Amino acid sequence: MEQGADSAAARRMARVASHLRPPTSQMEEVAILKGSDCRAKGAAPGFKVAVLGASGGIGQPLSLLMKMNPLVSVLHLYDVVNTPGVTADISHMNTGAVVRGFLGQSQLESALTGMDLVIIPAGIPRKPGMTRDDLFNINAGIVRTLCEGIAKCCPNAIVNVISNPVNSTVPIAAEVFKKAGTYDPKRLLGVTTLDVVRANTFVGEVLGLDPRDVNVPVVGGHAGVTILPLLSQVNPPCSFTSEEISYLTSRIQNGGTEVVEAKAGAGSATLSMAYAAAKFADACLRGLRGDAGIVECSYIACQVTELPFFASKVRLGRSGVEEVLPLGPLNEFERAGLEKAKGELAESIHKGVAFANK
Ligand SMILES: NC(=O)C1=CN([C@@H]2O[C@H](COP(=O)(O)OP(=O)(O)OC[C@H]3O[C@@H](n4cnc5c(N)ncnc54)[C@H](O)[C@@H]3O)[C@@H](O)[C@H]2O)C=CC1
Ligand SMILES: O=C([O-])CC(=O)C(=O)O
């Protein structure tokens with residue numbers, strides 16, 4: 001009896017010790033994973049989620065929010081810097097998800113194996129004066145490498161792409177998955193939720209409503225004129241003056257730049273983005289669980305326009321995007337905006353596809 005209690009205590013201590021030691025080699029990483037797996041068995045059933053770029057401005061608060069999500073049972077934090085610290089910190093939160101850290105390219109495959117949802121906020125952010133497309137040269141390669149890992153280690157995972165320029169990085173991801181033979185357009189989603197979050201906030205301010213009670217569809221893409229708020233389809237139904245329409249459209253399209261300028265060289269939106277990404281990831285997980293009626297806007301492959309990718313209203317479910325909803329009726333102002341958006345989007349998509357195939 002006593003001996004049994006002793007060995008149970010010894011097992012508990014061994015488990016705790018394995019969590020206190022940071023991984024220094026692949027062998028040690030494997031040992032720690034075994035320790036964590038014992039713990040994971042005790043955790044509530046749920047989904048396995050990886051954040052790639054977890055040490056960054058978005059990655060850290062996003063990881064914190066995912067650790068708070070009761071649908072997550074295992075949370076993998078991957079980055080090329082600082083994941084031991086971020087992981088130790090977040091792992092002390094007394095919520096259900098088991099947290100594991102992975103540092104550097106040699107641990108990418110371990111980070112990805114078995115994941116249900118992979119969220120990608122890896123890559124450099126804008127400074128004042130830059131467009132999102134100016135990030136292409138660095139971020140395109142980062143997204144390609146990470147997606148090659150996903151194709152190899154968790155080809156069935158839902159992928160949420162945050163890294164800019166989203167209008168090009170999502171087509172890059174699609175090409176990587178096509179080459180690997182794992183492409184499923186239903187599972188690849190560009191995160192444009194921040195545009196909707198901003199639109200709901202700014203429209204709520206104008207209408208004097210709680211932003212949580214406002215829903216503005218935002219379609220097209222995620223850069224400048226490609227961000228197309230459909231103010232004629234706001235819920236609750238309402239009407240705006242032409243001054244309000246032009247103020248709101250411009251503020252929503254330039255929301256990212258507003259933050260970049262206010263941060264004055266220290267980066268772009270991180271906290272509101274983490275909130276938006278966590279909200280979108282939660283919607284994806286509820287869809288995977290089988291919840292009904294989950295509709296979000298996302299930049300995906302679809303036939304809503306003649307372009308191969310377009311941010312649209314989508315219904316999420318067990319297989320990712322289960323239905324792409326039509327654009328709905330547009331007014332003249334929105335139809336003109338759509339034409340402008342399509343011109344820039346076509347170039348960004350072409351640039352991404354060409355990069356992935358060169
Ligand atoms: N989709 C959207 O609505 C938004 C997208 N973004 C984009 O998100 C990206 C990240 O922004 P921040 O977090 O502010 O940048 P950040 O520089 O604070 O963090 C980026 C993180 O990515 C990591 N990283 C770099 N190369 C990596 C690699 N090969 N593998 C894994 N991790 C790698 C860095 O070490 C860093 O920790 C930017 O491209 C930014 O433009 C930002 C706001 C909104
Ligand atoms: O503006 C940026 O560079 C970051 C971003 O995508 C946003 O805040 O919407």
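Atoms within each ligand, like the ligands themselves, are counted from 1 in listed order. All of these numbers come straight from a predicted model, not from anything done at the bench.
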Return yes if some donor-acceptor pair links the side-chain N/O of [X] with the main-chain N/O of [Y] below 3.5 Å, else return no.
X	Y	result
Ser298	Gly190	yes
Glu258	Asn254	no
Glu322	Arg318	yes
Asn139	Asn164	yes
Thr192	Asp195	no

Could you tell me which atoms of ligand 1, counted from 1 in the order shown, lie closer than 4.0 angstrom to a heavy atom of [X]?
X	value
Gly57	13 (O), 16 (P), 18 (O), 19 (O)
Tyr78	30 (N), 31 (C)
Gly53	22 (O), 32 (N)
Thr270	14 (O)
Pro121	9 (C), 10 (C), 20 (C)
Leu135	41 (O)

Close aromatic pair by centroid cut-off 6.0 Å: Phe102 and His76: yes

Could you list the atoms of ligand 2 found under 4.0 angstrom from a heavy atom of [X]?
X	answer
Ala269	8 (O)
Gly256	1 (O), 7 (C), 8 (O), 9 (O)
His222	5 (C), 6 (O), 7 (C), 9 (O)
Arg126	1 (O), 2 (C), 3 (O)

query: Which part of Val166 is near ligand 2, with near meaning a heavy atom under 4.0 Å away: side chain, backbone, both or neither?
result: neither

query: Between Arg132 and ligand 2, which residue portion shows a heavy-atom distance shorter than 4.0 Å: side chain, backbone, both, or neither?
result: side chain

query: With only distance considered, is Ile124 within less than 3.5 Å of ligand 1 through an N or O on each side?
result: yes

field: Any N or O of Val161 closer than 3.5 Å to N or O of ligand 1
entry: no

Under a 4.0 Å heavy-atom limit, does [X] contact ligand 1 with its side chain, its backbone, both, or neither?
X	value
Ala122	both
His222	side chain
Val191	backbone

- line: Only one of Ser268, Pro121, Ser163, Ser63 passes side-chain contact (heavy atoms from CB on, under 4.5 Å) with Ile58, and that residue is Pro121

- prompt: Which one of Val219, Val295, Val314 satisfies the side-chain contact (heavy atoms from CB on, under 4.5 Å) criterion with Leu325?
  reply: Val295

Nearest to [atom], what protein heavy atom do you find, and at what distance?
atom	result
atom 4 (C) of ligand 1	Met273 SD, 3.5 Å
atom 42 (C) of ligand 1	Ile58 CD1, 3.4 Å
atom 24 (N) of ligand 1	Asp79 OD1, 3.8 Å
atom 17 (O) of ligand 1	Pro125 CD, 3.5 Å
atom 19 (O) of ligand 1	Gly56 CA, 3.2 Å
atom 8 (O) of ligand 2	Arg198 NH2, 2.8 Å
atom 20 (C) of ligand 1	Gly123 O, 3.2 Å

Quick one: do [X] and [Y] make a salt bridge, cutoff under 4.0 Å?
X	Y	value
Lys342	Glu339	yes
Arg212	Asp210	yes
Lys279	Asp282	no
Glu109	Lys152	yes

query: Would a hydrophobic clustering, with Ile, Leu, Val, Met, Phe, Trp and Tyr connected at side-chain separations under 4.5 Å, put Val197 with Leu207?
result: no

If you measure from each heavy atom of [X] to ligand 1, is any distance below 4.0 Å?
X	result
Ala269	yes
Val81	yes
Asn139	yes

- prompt: Hey, looking at atom 40 (C) of ligand 1, which of Asp195, Ile162, Asn164 has the closest heavy atom?
  reply: Asn164

query: Counting heavy atoms only, which of Thr145, Val166, Ile142 is nearest atom 28 (C) of ligand 1?
result: Ile142

message: For a ring-ring contact (aromatic ring centres under 6.0 Å, His included) check, start with the C-alpha distance between Phe202 and Tyr247, then their side-chain angles and the critical distance, and finish with the verdict.
response: CA-CA 10 Å; Phe202 304 153; Tyr247 159 78; 7.5 Å; no

task: Indicate whether the side chain of Ser168 and that of Lys351 have a donor and an acceptor atom separated by less than 3.5 Å.
output: no

- request: Just say parallel, tilted or perpendicular for the rings of Phe177 and Tyr183, cut-offs at 30° and 60°.
  value: parallel

task: Evaluate the side chain to side chain contact (heavy atoms under 4.5 Å, CB included) criterion for residues Val51 and Leu75: first the C-alpha distance (whole Å), next the side-chain angles of each, then the deciding distance (0.1 Å), finally the verdict.
output: CA-CA 8 Å; Val51 178; Leu75 181 60; 4.2 Å; yes

message: Under 4.0 Å, counting heavy atoms only: does Leu194 come that close to any atom of ligand 2?
response: yes

